[in-house]
Amino acid sequence: MLLYEKFLNSTGICTDSRKINKNSIFFALKGDKFNGNKFAKSAIEKGASFAVIDEKEYLDNKENYILVEDTLTTLQNLANFHRKKLKTKIIGITGSNGKTTSKELISSVLKTHFKTYCTKGNLNNHIGVPLSLLEISNKTEFAIIEMGANHIGEIELLSKIAEPNYGYITNFGKAHLEGFGSEEGVIKGKTELYDFLIEISGFIFYNSDDEKQKNILSNYKNKFGFGLKESDLNYLVKAVNPNIIIEVNSNIFKSTLFGNYNIPNVISAISIGIFLGVPIE
């Protein structure tokens, strides 16, 4: 892939002509109210080594411009191609609530022992996930990729781009009901991550206190459950306010977080860390 070679020799990908880094590759993405093709020339003038465009009229010269059929599809394909080259283990995270908190907590645990990357901010959609993947280096051992969705089919797309080895759905809530149509639609949309992992015999982390998740995964073997009622590890919540203190297999963990709603987030980070080999201390 000629574009991939150019990517490897660049300083990274940029989609905003106002934030160009020297020798980066500018992708002229389009939306309802903007057309990145119009800013390709400006991006080159500011130091981008190449501009990827999909409208021929903005082809200023052949030396620094790459004309493609669709810039977004090209970005997604480039990200997937890069992902296939990586030895990095990827953990995909989605859910109606708590996914960003869980992502940050899991990352903070894993990076104490592994070279770890996680999604920055909320770059969790069909543009953000590819951009996140393209930031991962071959030295990265684990990457936590957050996946957001507001309609059915979106998590399926993101899973095919990121190809996660592990997955975790925080919960099934009532967020984005207008896009999913119903709570059943939310469950169907979010479990597209599990569908992908089951198809490749990937590994699933799940909240075993969540009956919906337990039922969905009842016949799947590659899984690790954590919860207060039933779990593959022994949990005891010592305190919730002012801060969460949890005992796991006789080890005490103190968190700076508080509140019952954060208990699953803390437990998920501890569980995944222990499972993946982070030393207890």
Side-chain angles (χ1 to χ4, degrees), residues 83 86-95 98-121 124 132-133 135-147 162-171 193-194 197 200-210 213-214 217 220-281:
R83 192 273 170 274
L86 295 169
K87 294 179 180 177
T88 306
K89 298 294 184 183
I90 290 182
I91 304 170
I93 293 184
T94 190
K99 56 184 176 290
T100 299
T101 303
S102 292
K103 172 202 70 179
E104 294 293 340
L105 291 174
I106 293 166
S107 174
S108 71
V109 168
L110 293 185
K111 72 182 181 183
T112 64
H113 192 64
F114 301 105
K115 291 178 181 176
T116 304
Y117 172 89
C118 75
T119 299
K120 294 176 181 175
N124 62 11
S132 296
L133 292 170
E135 285 197 346
I136 301 172
S137 79
N138 249 323
K139 295 179 181 178
T140 305
E141 295 171 276
F142 281 95
I144 303 104
I145 299 296
E146 183 180 331
M147 301 178 181
E163 297 188 19
N165 309 90
Y166 304 89
Y168 172 48
I169 299 175
T170 57
N171 51 50
L193 173 58
Y194 287 170
L197 288 163
I200 66 164
S201 297
F203 206 91
I204 293 171
F205 302 108
Y206 73 104
N207 184 343
S208 53
D209 291 340
D210 186 333
Q213 295 209 39
K214 274 180 67 177
L217 298 170
Y220 190 63
K221 293 182 179 179
N222 293 345
K223 62 186 179 182
F224 185 80
F226 44 84
L228 299 176
K229 300 174 187 173
E230 182 183 332
S231 178
D232 289 327
L233 288 174
N234 227 347
Y235 289 95
L236 182 63
V237 177
K238 294 284 192 178
V240 176
N241 290 308
N243 298 107
I244 296 172
I245 300 174
I246 293 176
E247 182 181 319
V248 185
N249 294 356
S250 301
N251 297 285
I252 301 294
F253 294 91
K254 297 179 181 180
S255 171
T256 57
L257 299 180
F258 55 87
N260 287 321
Y261 60 93
N262 265 318
I263 291 174
N265 300 328
V266 174
I267 286 178
S268 70
I270 295 171
S271 301
I272 292 171
I274 290 173
F275 181 85
L276 293 176
V278 177
I280 291 293
E281 58 274 13

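What you see below is based on every heavy atom in this structure, not just the backbone, and it leaves out hydrogens, waters and symmetry mates.
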inquiry  = Test side chain to side chain contact (heavy atoms under 4.5 Å, CB included) on Asn124 and Met147; report intermediate values, then the result.
reply    = CA-CA 5 Å; Asn124 62 11; Met147 301 178 181; 5.6 Å; no

### Query
Less than 4.5 Å apart, any side-chain heavy atom of Leu193 and any of Pro164?
yes

Here the gap from Asn251 atom CG to Ile246 atom CD1, rounded to the nearest 0.5 Å, amounts to 12.5 Å

CG (Asn262) and CD1 (Ile244) are apart, to the nearest 0.5 Å, by 5.0 Å

Next on the checklist: Any side-chain to backbone donor/acceptor pair from Lys103 onto Ile93? Under 3.5 Å, distance only.
Outcome noted: no

Correct closest heavy-atom pair for Leu217 and Lys223 would be O-NZ, 2.7 Å

So CZ of Arg83 and CD1 of Ile90: to nearest 0.5 Å the spacing works out to 3.5 Å

Between Val109 and Leu276, is any pair of side-chain heavy atoms under 4.5 Å apart? no

Fill in: Check: Ile274 and Asn249 side chains under 4.5 Å, non-hydrogen atoms
no

- Message: What I'd like to find out is whether the side chain of Cys118 reaches to under 4.5 Å of the side chain of Glu104, using heavy atoms alone.
- Response: yes

What one should report as the nearest heavy-atom pair of Ile144 and Ile106 is CG1-CG2, 4.1 Å

Practice item. Decide side chain to side chain contact (heavy atoms under 4.5 Å, CB included) for Tyr117 and Ile145; before the verdict, give the C-alpha distance in whole Å, the side-chain angles of both, and the deciding distance to 0.1 Å. Key: CA-CA 8 Å; Tyr117 172 89; Ile145 299 296; 4.3 Å; yes

- [ ] Could you tell me whether the side chain of Asp209 and the main chain of Gly227 form a donor-acceptor pair under 3.5 Å?
- [x] no

When rounded to the nearest 0.5 Å, the distance separating OH of Tyr261 from CG of Asn171 is 14.0 Å

Gly121 and Glu146 have their tightest heavy-atom pair at O-OE1, 4.2 Å

Of all heavy-atom pairs linking Thr119 and Ser132, the shortest is CG2-OG, 3.8 Å

d(Ile272 CD1, Phe224 CZ) to nearest 0.5 Å is 9.0 Å

task = Please assess Phe253 against Ile267 for the test side chain to side chain contact (heavy atoms under 4.5 Å, CB included), listing each intermediate value before the final yes or no.
result = CA-CA 10 Å; Phe253 294 91; Ile267 286 178; over 6 Å; no

Inset, instruction - Could you tell me whether a side-chain N or O of Ser108 sits under 3.5 Å from a main-chain N or O of Leu105, the two making a donor and an acceptor? - result: yes

More than 12 heavy atoms from other groups under 6.0 Å of CZ on Phe258: no

| request: Classify the angle between the aromatic ring planes of Phe142 and Tyr166 as parallel (below 30°), tilted (30 to 60°) or perpendicular (above 60°). | output: tilted

task: Show the numbers, then the answer: is there a side chain to side chain contact (heavy atoms under 4.5 Å, CB included) between Val237 and Asn260?
output: CA-CA 10 Å; Val237 177; Asn260 287 321; over 6 Å; no

Shortest non-hydrogen pair, Gly225 vs Asp232, comes out as N-OD2, 2.8 Å

When rounded to the nearest 0.5 Å, the distance separating CG of Asn207 from OG of Ser231 is 9.0 Å

Q. Would a line drawn from the ring center of Tyr168 to the ring center of Phe226 be shorter than 6.0 Å?
A. yes

Query - Residue pair Val278 / Thr112, side-chain heavy-atom distance below 4.5 Å - result: yes

Using a 4.5 Å cut-off on heavy atoms from C-beta on, say whether the side chain of Thr116 contacts that of Thr140.
-> no

Is it true that a side-chain atom of Glu141 and a backbone atom of Lys115 form a donor plus acceptor pair closer than 3.5 Å? yes

When you measure from the side chain of Lys99 to the backbone of Gly95, do you find a donor-acceptor pair of N or O atoms at a distance under 3.5 Å?
yes

Are the aromatic rings of Tyr194 and Tyr220 close, with centres under 6.0 Å apart? no

*Going by distance alone, is a donor N or O of one side chain under 3.5 Å from an acceptor N or O of the other, for Ser102 and Asn265?*
yes

Would you confirm whether Gln213, through its side chain, and Ile169, through its main-chain N or O, come within 3.5 Å as a donor-acceptor pair? yes

